[in-house]
Amino acid sequence: MSQQQSPDNVSIDEIPVDIDNTQSAEVESADVPDEIESITRGLASEHPPTNPLVVLKAARWWYLHGKGGTDPAFQWAIEWARHLATDTPSDVERFDEFLEYLVTVGFADERHELR
């Protein structure tokens with residue numbers, strides 16, 4: 001590897017994983033890397049990402065830095081990746097929870113601003 005990694009900042013791609021802040025449950029919009037924010041906002045848009053690897057990249061970040069397996073952004077990203085892989089309908093309730101969560105994170109003041 002050409003990039004130096006310290007024990008408290010590890011990554012498998014260009015998105016750093018801050019070990020000290022993993023599963024902190026309190027994520028603020030300023031804490032979210034630009035690429036993850038872009039993917040996450042895309043998941044809330046009318047034209048979400050269609051590459052499951054991109055979606056899973058965001059899911060991984062939210063799992064590590066959010067509420068783990070119960071994080072609504074993680075759960076929606078996994079649900080969307082499942083939809084892309086199997087072409088089955090996605091869970092609308094999970095999407096609604098995801099939109100509400102993005103408001104609490106600070107990506108929008110209200111749900112309707114996300115679409």
Side-chain angles (χ1 to χ4, degrees):
M1 286 186 151
S2 62
Q3 186 179 28
Q4 291 285 356
Q5 294 184 349
S6 66
D8 62 342
N9 185 357
V10 180
S11 69
I12 58 172
D13 53 26
E14 67 276 1
I15 305 287
V17 174
D18 185 352
I19 302 298
D20 292 335
N21 290 325
T22 55
Q23 296 189 357
S24 63
E26 291 297 322
V27 176
E28 296 181 18
S29 60
D31 299 333
V32 181
D34 292 342
E35 183 179 6
I36 299 303
E37 180 179 351
S38 176
I39 296 167
T40 303
R41 286 181 180 273
L43 287 167
S45 73
E46 290 185 25
H47 303 288
T50 57
N51 182 335
L53 295 176
V54 169
V55 175
L56 291 174
K57 183 185 249 185
R60 176 182 58 116
W61 191 91
W62 285 103
Y63 179 86
L64 292 172
H65 294 92
K67 301 174 184 179
T70 62
D71 189 272
F74 165 76
Q75 290 182 340
W76 177 250
I78 294 299
E79 177 69 12
W80 185 250
R82 182 193 62 78
H83 164 73
L84 292 172
T86 62
D87 198 29
T88 56
S90 53
D91 185 343
V92 174
E93 288 181 29
R94 193 158 286 177
F95 182 68
D96 290 340
E97 291 172 15
F98 167 63
L99 294 179
E100 290 293 331
Y101 181 63
L102 293 185
V103 171
T104 65
V105 169
F107 282 3
D109 291 332
E110 295 183 35
R111 278 181 46 184
H112 73 282
E113 293 177 10
L114 293 163
R115 291 201 131 221

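Keep in mind it's a predicted model, so treat the numbers as computed, not measured.
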remark   = All heavy atoms of Ala59 vs all of Ile78, minimum pair found to be CB-CD1, 3.9 Å
Closest non-hydrogen atom pair between Thr40 and Ala58, with its separation = OG1-CB, 4.4 Å
request  = Calculate, to the nearest 0.5 Å, the distance between atoms CD and OG1 belonging to Glu28 and Thr104 respectively.
outcome  = 10.5 Å
key: Residue list, side-chain contact (heavy atoms from CB on, under 4.5 Å) with Ala73, at least two apart or on another chain   = Trp62, Asp71, Phe98, Tyr101
ask   = So how far is it from Arg60 CZ to Ile36 CD1, rounded to the nearest 0.5 Å?
value = 7.0 Å
remark   = Between the CZ atom in Arg41 and the CG atom in Leu102, the distance rounded to the nearest 0.5 Å is 8.0 Å
key: Test item: Phe95 and Ser90 side chains (from C-beta on) under 4.5 Å apart, heavy atoms   = no
request  = Identify the two heavy atoms, one from Gly42 and one from Ser45, that lie closest to each other, and give their separation to 0.1 Å.
outcome  = O-OG, 2.7 Å
key: Residue pairs fulfilling salt bridge (Lys or Arg N to Asp or Glu O under 4.0 Å) with at least one residue in residues 73-90, sequence neighbours excluded   = Glu79-Arg82
key: Val32 and Trp61: CA distance, side-chain angles, deciding distance, side chain to side chain contact (heavy atoms under 4.5 Å, CB included) verdict   = CA-CA 9 Å; Val32 181; Trp61 191 91; 3.8 Å; yes
message = Holding to side-chain hydrogen bond (donor to acceptor under 3.5 Å, both in side chains), I want the full list of residues that pass it with Trp76, two or more places apart in sequence or in another chain.
response = none
query = Which heavy atom of Ile39 sits nearest a heavy atom of Pro49, and at what distance?
reply = O-CG, 4.2 Å
note = Output for pair (Thr50 OG1, Trp80 CH2), nearest 0.5 Å, gives 9.0 Å
key: Heavy-atom pair with the smallest gap, counting every atom of Arg94 and Gln75   = CD-O, 3.6 Å
note = Note: Gly66 and Val27 closest approach over all heavy atoms is CA-CG2, 3.8 Å
